[in-house]
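Order of the sequence lines fixes the chain letters, A, B, ..., with proteins taken first and strands second; residue numbering starts at 1 for each chain.
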Protein chains: 2
Amino acid sequence: MKLRKETANPDASAGALHGRWYRDACGTAFALEVIGERWSLLVVRELMLGALRFSDIRAGLPSISAKVLTERLAGLERAGVLRRRRLDPPVAVQVYELTEWGYLAEPLIQELGRWAARSPLHDPTLPLSPVAFMLSLRTMLDDHASLDCDIGFVIAGQTFRARLAGGDMPVTREPVDGAGAVFRAPDAALLAARFYGDVPPRALPGLVIEGDVDLAQRFVGLFALPPKAG
Amino acid sequence: MKLRKETANPDASAGALHGRWYRDACGTAFALEVIGERWSLLVVRELMLGALRFSDIRAGLPSISAKVLTERLAGLERAGVLRRRRLDPPVAVQVYELTEWGYLAEPLIQELGRWAARSPLHDPTLPLSPVAFMLSLRTMLDDHASLDCDIGFVIAGQTFRARLAGGDMPVTREPVDGAGAVFRAPDAALLAARFYGDVPPRALPGLVIEGDVDLAQRFVGLFALPPKAG
DNA sequence: CAGAATCCCATTCGATACTG
DNA sequence: CAGTATCGAATGGGATTCTG
């Protein structure tokens, strides 16, 4: 009875501000106040490879509604995870981009992915956004990869570039001109089958590899899912 | 219209099973289906240092309701994160314990805590469970700690033991007899102030250090919060 | 104490329509 | 395209009660 009003915090409308749910000083709890709302972390995921417009985010998250996306963007902005920015006059469009702190959430997204992959239950046959796939490559890259290369990706019309050097592999949104090899696929699930499944390359119609095919093969060999937990 | 019925999955009642929310093959999304419901991950956190009874979990999570805890336990059990177990006849009590996969969630909890600590906003003055504090020590331990020691903790009546050796520091629920030093405090927040705040030891009434006080001092020096992000 | 069952209000969400 | 406004339906969750 006495605690009711504290819960219904007036300024907590639709927000990801702290203190609303858990009343717990633990950092984990604080993080969950910020990105623990449904969809929040997936919105962050979509922005992890660079700023995006409202509808580009929706494209990567086909089943989020405009209302929820609007609410999450507002909450994440207030929490300091992202900011909205107007591009300069010639294009005059609004984009959402992660703050410095927001970009620091990548290890967290990776850790979730790694943990999920070890589940005895995870069966991945659903759609996958291009960004989700590119991030998964960063997560599943063999720690001891000694290859250095520059690989292009064209997935559902979006282009990315992965530059592997010294065991590190930054991924950018960039044209693929000049890459050592290029993977082209109409959707990310196809690429996931190639990189993580036991599927032989020719069994994947729609997947095209250009440039140094042998390099592409060796590149694929650098990625593997972790073993399942008992 | 045509998709409505798929959403209202009959067996998805109150559960953390996959496919209900995101329809996304990304591992991060799958993990969020499992532990992304409110409270779920904090329940896992409470169990991270060993099996617990229903009311012990509630003690660590004072503002969760019995109903919600029941639902979360059921969901996490179905998802394979924890199992319920009846102890052998003499005690005949029921406990919840993480599965092997459940225990693998610790890095994930740590990553959330680490990220939260780097937030420009995080101000930790709320209550903290003993388990949350002990886990935070494992998270914030200096990577290059070269000290080897055996430290006991008595927090709000619960006893723990941290054995630091070779940079690794397992924490168990155990009596503190024979530890090199023992910290006693009526609540975890007091210990957090000592380990992470700039508070001089004598400004913390209620905190008692027994055994090798000098060792205890050096031990405290091994823990630090990461720098804030801009 | 450990939970299941019930009741009921508050929040959330998705669909749709609307606006600059 | 980038949202906002509204509404009805589903869900969430607190309080209470009941049982072993």
Output yes when at least one side-chain N/O atom of A:Arg38 is less than 4.0 Å from OP1 or OP2 of C:dT12, else no. no

Short side-chain donor-acceptor distance under 3.5 Å, B:Arg173 and B:Gln158: yes

Atom pair distance, as rounded to whole Å: CD1 in B:Ile64 and C1' in D:dG14: 12 Å

How many Å lie between CD on A:Glu37 and P on C:dT11, as a whole number? 13 Å

Mind checking salt bridge (charged side-chain N to carboxylate O under 4.0 Å, His left out) for B:Glu111 and listing every partner two or more places apart, or none if nothing turns up? B:Arg114

Under the salt bridge (charged side-chain N to carboxylate O under 4.0 Å, His left out) test, residues paired with B:Arg161 that sit two or more places apart: B:Asp150

Taking atom P of D:dT11 as reference, at what distance in whole Å does atom CH2 of A:Trp39 sit? 16 Å

Pairs under 3.5 Å (N/O, protein and nucleotides 3-7 of chain C):
residue : atom : partner : partner atom : Å
C:dG3   : OP1  : B:Gln94 : NE2          : 2.1
C:dG3   : OP1  : B:Tyr96 : OH           : 2.8
C:dG3   : OP2  : B:Tyr96 : OH           : 3.1

Which whole-number value in Å describes the distance from A:Leu42 CG to C:dC13 P? 13 Å

How close or far is atom C1' of D:dG13 from atom CG of B:Leu69, stated in whole angstroms? 13 Å

Distance check needed: D:dG14 P versus B:Leu61 CG, whole Å only. 12 Å

A:Glu174: which residues meet the side chain to side chain donor-acceptor pair (under 3.5 Å) condition with it, sequence neighbours left out? A:Arg163, A:Thr172

Send over the distance from A:Arg58 CZ to C:dC13 C1', rounded to a whole Å. 13 Å

Suppose we screen for salt bridge (charged side-chain N to carboxylate O under 4.0 Å, His left out). Which residues come up paired with B:Arg138, at least two apart in sequence or across chains? B:Glu106

Nucleotide C:dT11, atom P - distance to CZ of A:Arg72 in whole Å: 15 Å

Go through the structure and list residues passing ring-ring contact (aromatic ring centres under 6.0 Å, His included) with B:Phe160, not counting sequence neighbours. none

